[in-house]
Novice: 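Dumping the structure here so I can ask a few things about it.
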2 protein chains.
Amino acid sequence: MQPVRVGSKELIREINSSLVLGELRGGLVSRTELARRTGLSLPTVSEIVGELLGNGVIEERETASSGGGRRPVLLGLKADAGYVIGIKLTETRVIAVLTDLNAGIVERATAEVATSDVGTVVRTVAKTVRSLKGGRLVYGVGVGVAGVIDRAGGVVRHGTYSDWHDVELAALLEKKLGLPVVVDNDVNTLVANEQWFGAGRGVSDVAVVSIGRGIGLGMVLDGRLYRGAGGGAGEFGHTKVVADGPLCDCGGSGCLEALIGEPAICARAGTATIEEAIDKARQGDETTVKIFDQVGRTLGTAVGNLVNLLNPKLIVLAGEGTRAADLFLPGFDDALRSTVFDGLQRDLEIVVDDWDDEAWAQGAAGLFLGELFQPNLRPDEAGRPSLTARSAS
Amino acid sequence: MQPVRVGSKELIREINSSLVLGELRGGLVSRTELARRTGLSLPTVSEIVGELLGNGVIEERETASSGGGRRPVLLGLKADAGYVIGIKLTETRVIAVLTDLNAGIVERATAEVATSDVGTVVRTVAKTVRSLKGGRLVYGVGVGVAGVIDRAGGVVRHGTYSDWHDVELAALLEKKLGLPVVVDNDVNTLVANEQWFGAGRGVSDVAVVSIGRGIGLGMVLDGRLYRGAGGGAGEFGHTKVVADGPLCDCGGSGCLEALIGEPAICARAGTATIEEAIDKARQGDETTVKIFDQVGRTLGTAVGNLVNLLNPKLIVLAGEGTRAADLFLPGFDDALRSTVFDGLQRDLEIVVDDWDDEAWAQGAAGLFLGELFQPNLRPDEAGRPSLTARSAS
DNA sequence: GGACTTCCTTCGGTGACCTTAGTAAGGGGT
DNA sequence: ACCCCTTACTAAGGTCACCGAAGGAAGTCC
């Protein structure tokens with residue numbers, strides 16, 4: 001049995017505060033409306049609102065109109081109540097954004113890191129964070145890295161594009177910054193963004209497939225980001241889809257990534273970059289068109305199998321690879337349809353979300369915000385960030 | 001956002017009662033020890049225990065020895081506090097067991113049903129349940145059926161071995177029996193049993209693969225049975241593992257089930273039954289031995305991909321097909337090892353659990369018990385069964 | 001038989017919830 | 001202009017589940 005937090009008055013308050021805060025995210029709402037939406041009684045909502053007002057997390061805005069009665073006072077998150085910083089680490093760059101509590105980007109910064117040396121990366125990140133922060137109240141930092149990540153411990157177990165092994169990234173950054181830091185797989189940052197602020201909002205079961213150099217997968221199952229027993233769930237790119245297929249960097253053969261990752265496409269199309277391959281296909285080169293069609297079919301089958309296993313409500317295709325969506329989508333759809341088991345077709349929705357590097361960083365911020373807004377049902381993870389217990393400086 | 005239940009005093013009590021009951025399942029424990037294990041204070045535990053004693057759910061047993069102090073009064077589930085009935089529906093038979101609150105089998109019964117006519121099946125099940133029940137206090141019934149099941153609504157959306165579509169099985173049975181009924185996919189009954197009473201106890205992330213005529217999959221993710229958005233998760237048997245593979249009953253081609261389900265093995269081995277094929281292989285027939293080896297490899301690759309996606313801690317192989325485990329396990333292991341991504345190997349555990357039909361029925365009982373013992377964190381699903389609010393007759 | 005241990009209960013306090021009963025603030029009809 | 005109606009919110013009081021502290025119960029040991 002996973003440890004379950006014991007029921008207590010504090011737990012109740014935490015749950016209900018989160019409920020109220022959740023409704024306040026992304027909209028102005030009155031106390032009465034909050035009570036209606038959350039199912040709480042009006043006095044309870046009033047008290048919680050009072051507390052949040054006192055903390056400076058939310059504020060009263062203008063009054064709305066009413067149909068013949070006292071006008072409701074609208075409440076909303078205080079724009080400058082605090083900020084969060086999101087970081088996306090790539091091989092060569094640190095991409096950072098400062099966002100408000102609605103994950104809206106306020107400021108951005110990037111820095112180059114030529115090396116994968118841990119110390120250098122940590123220093124660069126810290127410098128970037130400090131310059132973004134300025135004198136502002138920042139609740140914490142979310143970091144997205146490609147690889148197998150132990151989210152609870154903030155450890156990079158196995159970096160995809162680096163030789164990192166068991167690097168305690170969160171601890172190192174927290175020490176340097178004096179801020180709470182959450183580290184997670186980069187695809188999960190996209191998922192967090194989807195779940196909290198994007199197309200996946202309000203959907204309990206979502207799979208986000210990122211296409212690009214590698215093929216990644218992030219999942220929201222039963223309303224929660226799923227990471228697997230050791231934080232290693234989502235190695236979609238390394239599922240084996242053909243027997244005796246091409247060799248993959250991971251050491252295996254027949255990996256999805258080795259078939260339809262950008263390097264593989266370039267190799268087959270005989271181009272140096274993926275852009276060239278796309279151009280070639282768009283100009284009507286038959287062989288290249290066929291390559292993209294096959295890529296679509298391979299991906300469609302793999303995603304179809306994923307649907308058979310998990311029966312999500314929504315599939316989001318994201319990442320740079322979606323630039324070629326027009327080329328591979330027909331094949332993708334076709335293969336998907338013939339792969340997915342009969343009964344699971346009808347309610348399935350597919351969305352293509354064309355995101356850039358900055359969106360990954362924004363997602364990392366969303367990851368931290370998710371942590372901030374969600375009640376903590378597990379036993380106390382030490383130092384877990386909170387909006388109400390102002391630990392941030 | 002999935003609806004989250006609002007925090008209240010009742011929620012606290014429910015959580016903590018479940019905590020206490022959970023510790024009491026499968027062992028005698030004193031009040032003090034309960035307090036220590038749950039993290040609750042002694043007075044709270046005492047009060048909850050008092051309530052449960054009053055309800056007749058638990059009882060005081062003998063006192064244990066102590067090292068120089070008052071002896072602890074051991075508490076345990078009352079053996080005859082109530083019962084649960086588990087049903088496994090197959091094409092031709094209704095297999096039923098009556099279990100106590102620890103899922104221990106007290107009595108059993110089976111009945112033949114030649115037809116798949118809903119009315120006839122429901123009548124036969126009802127008759128079987130009534131004969132098993134006798135005059136006893138039965139909290140409810142759990143039913144396992146192969147197919148896509150909407151667990152929340154108790155609806156069989158799509159039967160695997162029947163032409164059932166959108167059959168409201170739970171409602172029909174509840175009406176006939178006057179007892180709460182839970183319906184779920186049959187593999188999930190195995191999972192429930194594993195999770196609550198078997199090898200998967202205490203493990204948060206488990207995949208149970210059932211092998212036999214079909215290939216099924218049940219999952220515990222993050223400590224909870226995962227069913228997918230529409231209850232259709234786990235169609236492992238219908239994932240496509242080879243391009244242009246053999247046709248499957250489902251209409252697709254290349255399904256795992258069409259490759260390594262028992263009918264497929266028989267066809268390839270040229271035998272009428274799977275037993276014959278097993279015998280043939282055990283007697284050293286090379287072709288047949290090779291067939292089983294290939295079956296193992298195919299399964300191993302598929303399960304390996306599953307591990308890449310979900311990173312479970314434990315894989316349980318179950319079902320009649322495990323009779324041939326000696327024949328296919330070497331190939332299975334080999335393929336699994338070469339499929340699973342590097343970092344995910346180390347903590348993975350594989351267990352073969354040789355279960356018979358009765359175990360499926362026992363699992364169905366466990367399914368209902370799980371419902372009974374787990375606190376309800378979602379908004380009130382009407383008529384959800386409970387141990388403390390004695391709705392059973 | 002007294003001291004010490006250990007188990008459990010009693011009692012009072014706290015806090016978060018709810019219900020009920022107000023008060024505040026606007027609209028509209030006569 | 002007045003009064004009443006509607007709607008939004010606040011105040012007061014009650015309930016209940018939690019906890020800590022203190023005390024009673026039931027042993028063991030010397």
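These values consider heavy atoms only, across backbone and side chains, with no hydrogens, waters or symmetry-generated copies. Residue numbers begin at 1 in each chain, while the letters A, B, ... track the order of the sequences.
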Novice: Whole angstroms only, please: what is the CD-P distance between A:E10 and D:dC16?
Specialist: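 For the pair A:E10 CD and D:dC16 P, the rounded distance is 20 Å.
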Novice: Would you call B:K175-B:E168 a salt bridge at under 4.0 Å N-O?
Specialist: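 Result for this pair is no, no salt bridge flagged.
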Novice: Out of C:dC18, C:dC17, D:dA8, which nucleotide sits closest to the side chain of A:P43?
Specialist: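 The closest nucleotide is C:dC18.
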Novice: With respect to the phosphate group of C:dT9, does any side-chain polar atom (N or O) of B:S46 fall under 4.0 Å of OP1 or OP2?
Specialist: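 Yes.
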Novice: Below the 4.0 Å mark, does D:dT28 have OP1 or OP2 next to a side-chain nitrogen or oxygen of B:R71?
Specialist: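 For D:dT28, OP1/OP2 do have a side-chain N/O of B:R71 under 4.0 Å.
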Novice: Please work out if B:V45 contacts a base, only the sugar-phosphate, or nothing of the nucleic acid, heavy-atom cut-off 4.0 Å.
Specialist: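 Here B:V45 touches no strand at all.
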Novice: Can you find a side chain N or O atom of A:R13 that sits less than 4.0 Å from OP1 or OP2 on C:dG15?
Specialist: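 Negative; the distance criterion is not met.
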Novice: Looking only at side-chain atoms of A:I48, point me to the closest of C:dC17, C:dC7, C:dG13.
Specialist: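 Nearest to the side chain of A:I48 among the choices is C:dC17.
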Novice: Would you mind telling me which of D:dA17, C:dC8, D:dC19 lies closest to the side-chain atoms of B:S30?
Specialist: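 Among the listed nucleotides, the one closest to the side chain of B:S30 is C:dC8.
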Novice: With nearest nucleotide decided by heavy atoms, which residue, A:L42 or A:K9, maps closer to the 5′ end of DNA chain D?
Specialist: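 It is A:L42, whose closest nucleotide lies nearer the 5' terminus.
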Novice: Charged N to carboxylate O below 4.0 Å: is that the case for B:E10 and B:R13?
Specialist: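 Answer for the salt bridge query: no.
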Novice: Quick check against the 3.5 Å criterion: does A:R31 have a side-chain atom that pairs as donor or acceptor with the backbone of A:P43?
Specialist: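 No, because the side chain of A:R31 does not come within donor-acceptor range (under 3.5 Å) of the backbone of A:P43.
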Novice: Report the distance from atom CZ of A:R36 to atom C1' of C:dC18, rounded to the nearest whole Å.
Specialist: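 After rounding, the reported distance stands at 19 Å.
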Novice: Under the 3.5 angstrom rule, does the side chain of B:Q362 hit a backbone N or O of B:A103 as a donor-acceptor pair?
Specialist: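 Checking the backbone N and O of B:A103 against the side chain of B:Q362, a donor-acceptor pair under 3.5 Å is found.
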Novice: Expressed in angstrom and rounded to an integer, what is the separation of A:L11 atom CG from D:dC18 atom P?
Specialist: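 Spelled out: CG on A:L11 to P on D:dC18 is 11 Å.
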Novice: Is the shortest distance from a Lys or Arg side-chain nitrogen in A:K313 or A:D205 to a carboxylate oxygen in the other one below 4.0 Å?
Specialist: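 Judged by the 4.0 Å cut-off on N to carboxylate O distance, A:K313 and A:D205 do not form a salt bridge.
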Novice: Provide, to the nearest angstrom, the distance between the CG atom belonging to A:L40 and the C1' atom belonging to D:dC9.
Specialist: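 Going from CG in A:L40 over to C1' in D:dC9 covers 16 Å.
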Novice: Have a look at B:I12 and say if it touches a base, only the backbone sugar-phosphate, or nothing, with a 4.0 Å heavy-atom cut-off.
Specialist: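 Answer is sugar-phosphate: B:I12 comes under 4.0 Å of backbone atoms only.
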Novice: Using only side-chain N and O atoms of A:T44, determine if any of them is under 4.0 Å from OP1 or OP2 of C:dC18.
Specialist: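 Yes, A:T44 has a side-chain N/O under 4.0 Å of OP1/OP2 on C:dC18.
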Novice: Closest approach to the side chain of A:R31, judged atom by atom: which nucleotide of C:dC8, D:dC9, D:dC16 is it?
Specialist: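 The nucleotide sitting nearest to the side chain is D:dC9.
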Novice: Could you give the CG-to-C1' distance, from B:L34 to C:dC7, as a whole number of Å?
Specialist: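 B:L34 atom CG is separated from C:dC7 atom C1' by 13 Å.
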Novice: Compare the minimum distances between each of D:dC9, D:dA17, C:dC18 and the side chain of B:E47, then state the nucleotide with the smallest one.
Specialist: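 Closest nucleotide among those given: D:dA17.
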Novice: Assess whether one donor atom and one acceptor atom, taken from the side chain of A:R70 and the base of D:dA8, lie less than 3.5 Å apart.
Specialist: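 Indeed there is one.
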Novice: Taking only N and O in the side chain of A:N16, is any of them less than 4.0 Å away from OP1 or OP2 of C:dC17?
Specialist: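 Yes.
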Novice: So which nucleotide from D:dC9, D:dC18, C:dC17 ends up closest to the side chain of A:T32?
Specialist: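 Comparing D:dC9, D:dC18, C:dC17 against the side chain of A:T32, the answer is D:dC9.
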Novice: Let me know the distance between CG of B:L74 and C1' of D:dA26, rounded to the nearest Å.
Specialist: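 Taking atom C1' of D:dA26 as the reference, CG of B:L74 is at 15 Å.
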Novice: Quick one: A:E51 CD to C:dG15 P, roughly how many Å, whole number?
Specialist: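 Rounding to the nearest Å, CD of A:E51 and P of C:dG15 are 12 Å apart.
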Novice: Return yes if some donor-acceptor pair links the side-chain N/O of A:E174 with the main-chain N/O of A:V181 below 3.5 Å, else return no.
Specialist: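 Indeed, once roles are kept as given, a pair shorter than 3.5 Å links the two residues.
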